[in-house]
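In the text below, chain A, chain B and the rest are named by the order of the sequence lines, each starting its count at 1.
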Protein chains: 2
Amino acid sequence: MKATIRDVAKLAGVSVATVSRVMNQNGYVNSETEQKVNRAMKQLQYVPNQMARGLAGKRTKTIALILPDISNPFFPGLARGVEDIAQNNGYTVILCNSDDLGVKERSYIEVLKKKYVDGIIFATNNLVREDLERLEEAQIPFVMLDRAPDMKSGCVITVDNFGGAKAAVEHLLDAGCKKIAHIYGPKELVTAKERLEGFEEVARKQPWYTPTLLVPGDFTIDGGAKAVEALLRNHPDVDGIFAGNDLMAVGALKALNRRGISVPGEVAVCGFDGVNLTEITQPELSTIAQPIYQIGELAAKKLIERIDQSSSHYETVELGVSLIVRDSTKKS
Amino acid sequence: MKATIRDVAKLAGVSVATVSRVMNQNGYVNSETEQKVNRAMKQLQYVPNQMARGLAGKRTKTIALILPDISNPFFPGLARGVEDIAQNNGYTVILCNSDDLGVKERSYIEVLKKKYVDGIIFATNNLVREDLERLEEAQIPFVMLDRAPDMKSGCVITVDNFGGAKAAVEHLLDAGCKKIAHIYGPKELVTAKERLEGFEEVARKQPWYTPTLLVPGDFTIDGGAKAVEALLRNHPDVDGIFAGNDLMAVGALKALNRRGISVPGEVAVCGFDGVNLTEITQPELSTIAQPIYQIGELAAKKLIERIDQSSSHYETVELGVSLIVRDSTKKS
DNA sequence: AATCGACATGTAACCGGTTACTATAAAAAT
DNA sequence: ATTTTTATAGTAACCGGTTACATGTCGATT
């Protein structure tokens, strides 16, 4: 029914090895023979069975992307970047949502091993060193985002959270803010921590600085809103807020709105990440934009590079972020 | 290095067939033998090779989800629904972005055939009957969203676009609107067409109805904004807008905002889809919500059902939509 | 003339499972 | 007592590729 390599070989009057050589463009093949084989393949509408290829050749042309939750606005763009590059290189992407649960991440890794994926991209936070070491042993190339556990192998892609946070605060100062608060994300996350440190780096030197200007959110809209409520209780005179991510900035905006506090008039707000959401709020949100799509692209490129050359040296790349000024910080 | 079924067989002192039987729980196996095998598997940390299984058994435990663009806010929720169900059933999901380009869709189908995915979910619009027929021939189960090309096989999941649109208009009327416009999406898309028809069904009976109240958007934020600009030129007195999807509703909101027209005071706005975005605009958007996540879940369930029972009868399921009233339509 | 390397192609083992078929003993049916 | 069924387990072919190794030709080198 469905043509196999042996059918092609028979029709072309050659051996299966020759057909394989033609397909993979390796080894010596006379160009006339090649023509014959190609014709036979076309005639039979031959489609090589990836499964068999994988079994024999140990390559599945499949990579996996493990992320906390594709519903989180940060990830679709990233996933798209990964997928585009993958597609261009003949790879296919398996999507895995871990909800940032260590168990799920680990169980996914097991499944992915069974499926012999060629590599894995992690945009997730709960893997411990041990897990990564297991990957190393299994010889599965991987790329991690936002996390730099120093190891012998693996590639880590990060962005300049510290610098970005500093830029955000400086921008708020430039905009004329006289008392700036920071809503920070879960301290277990490096990104959240670095942004907080960036904030402090600049804020500490300001006359108005006091530790109670640091309030915890949890990287969610709701968390951001609640943080603002809490903040206003202690500091009704705050006139600038730097949220650790855009979702919390949105929450902050909502809370301020409910309270009838005008943005940017009374309080300026700046987010971090640069997700699309920031363009649809009212006012539109200023933010420190990460090159989300490009991070995805880069992660995929690096991973494929590693797969193709089966190299695994440790490597880390830091990307820049950029301040995008929109209405939420235009105090005029 | 890595344990194979033969290693397990040897260690357990049985044949590979027996090991296979234990793994797949089929055929007769003495419970003591089973214990031995299980012990051996544990001891060797045996992980069956999915690739080999697929080759021999023709099951890859992998499904594919082809959608236009995961970056479009509508799809992450859907993808999540699909992935959750897939995961619960031991399936893995390959994500494919087609940009609604027929060529890409088709090329993906080819790749997926090579990879022997067990089934495909299409949330995309450019497949022609011929493509589906090819899938039928190839015996690949599939589920389609939003599109009901009647065929012999396949499962189609739709929502009540027509009814939803009617509900939207009626809601705007209830809110006191005296002249309602509709921004419709690409007419090639059934969803857009049905919503437009729903709008007309109710609007046509109204004294203020005139065809120029129908303006084209293209299901994007920008398209929605431009549509409003155009609309206001002809109908400065419009006081209600039903956008064919939420993105256009957001665009409408932005355009109205720029013009200094208050929402809902002067113009009420209602969207369609129920994406998360609608909760972060100012004012929050009323919308006709589709059960997005559940659609994803259902699609995956139906697909897996078909795979497991290798049934392929044609089937169509229509889900309801629900009006969510928020500030954008609260006149008074 | 003998040797060597580049070119060309075939044979068959192998990747790691599944499963059809066969064999055998014990239990059940006749 | 004989036939059938049921329970248990092994052998080996097969899925559809890849590739190591063997074989052979032919012009170039020594």
Taking N and O atoms by type only, does the side chain of R21(B) place a donor or acceptor under 3.5 Å from a partner on the base of dG10(D)?
yes

Hey, does the side chain of N49(B) come within less than 4.0 Å of dC15(C)'s phosphate (OP1/OP2), counting only N and O?
no

Checking side-chain polar atoms at under 3.5 Å, does T62(B) have a donor or acceptor matched by the opposite partner on K115(A)?
yes

Given dT18(D), dG17(C), dT11(D), the nucleotide with the shortest approach to the side chain of V16(B)
dT11(D)

From the set dT9(C), dG16(C), dA9(D), return the single nucleotide nearest to any side-chain atom of V29(B).
dA9(D)

Do S98(B) and D100(B) meet the criterion of a side-chain donor-acceptor pair at a distance under 3.5 Å?
no

Return the value, rounded to whole Å, for the distance between atom CG of N26(B) and atom P of dT19(C).
7 Å

Reading DNA chain D from 5' onward, which residue's closest nucleotide shows up sooner: V14(B) or Y116(B)?
V14(B)

Regarding V19(B), tell me which of base, sugar-phosphate or nothing describes its non-hydrogen contacts under 4.0 Å with the strands shown.
nothing

Do any side-chain nitrogens or oxygens of T18(A) fall under 4.0 Å of OP1 or OP2 in dA8(C)?
no

If I take atom NZ in residue K10(A) and atom P in nucleotide dG17(D), what distance separates them, rounded to the nearest angstrom?
14 Å

Taken to the nearest whole Å, CG/N24(B) to P/dG16(C) is 17 Å

Rounded to whole Å, CE of M51(B) lies from C1' of dG17(D) at a distance of 12 Å

Check the distance between dC7(C)'s P and Q25(A)'s CD and give it to me in whole angstrom.
16 Å

Just N and O in the side chain of T4(B): are any of them under 4.0 Å from OP1 or OP2 of dG16(C)?
no

Could you state the CG-P distance from L55(B) to dT19(C), rounded to the nearest angstrom?
13 Å

Main chain of V275(A), side chain of D273(A): is a donor-acceptor contact present, judged purely on distance under 3.5 Å?
no

Is any side-chain N or O of R53(A) under 3.5 Å from a base N or O of dG16(D), one able to act as donor and the other as acceptor?
no

d(CD, E32(B); C1', dA7(D)) in whole Å
14 Å

Rounding to an integer number of Å, can you tell me how far I5(B) CD1 sits from dC15(D) P?
18 Å

Can you tell me if the side-chain N/O atoms of Y28(A) get under 4.0 Å from OP1 or OP2 in dG5(C)?
no

Is there a side-chain polar atom (N or O) of T33(B) under 4.0 Å from OP1 or OP2 of dA9(D)?
yes

Report yes if a side-chain nitrogen or oxygen of N30(A) is closer than 4.0 Å to either non-bridging phosphate oxygen (OP1 or OP2) of dC7(C); otherwise report no.
no

Is it the case that Y293(A) and D84(A) place a side-chain donor and acceptor less than 3.5 Å from each other?
yes

Under a 4.0 Å N-O cut-off, is there an ion pair linking D99(B) with R80(A)?
yes

So, is S15(B) close to the dT11(D) phosphate, meaning a side-chain N or O under 4.0 Å from OP1 or OP2?
no

Test your reading of the model: is there a side-chain donor-acceptor pair from E83(A) to the backbone of N97(B), 3.5 Å cut-off?
yes

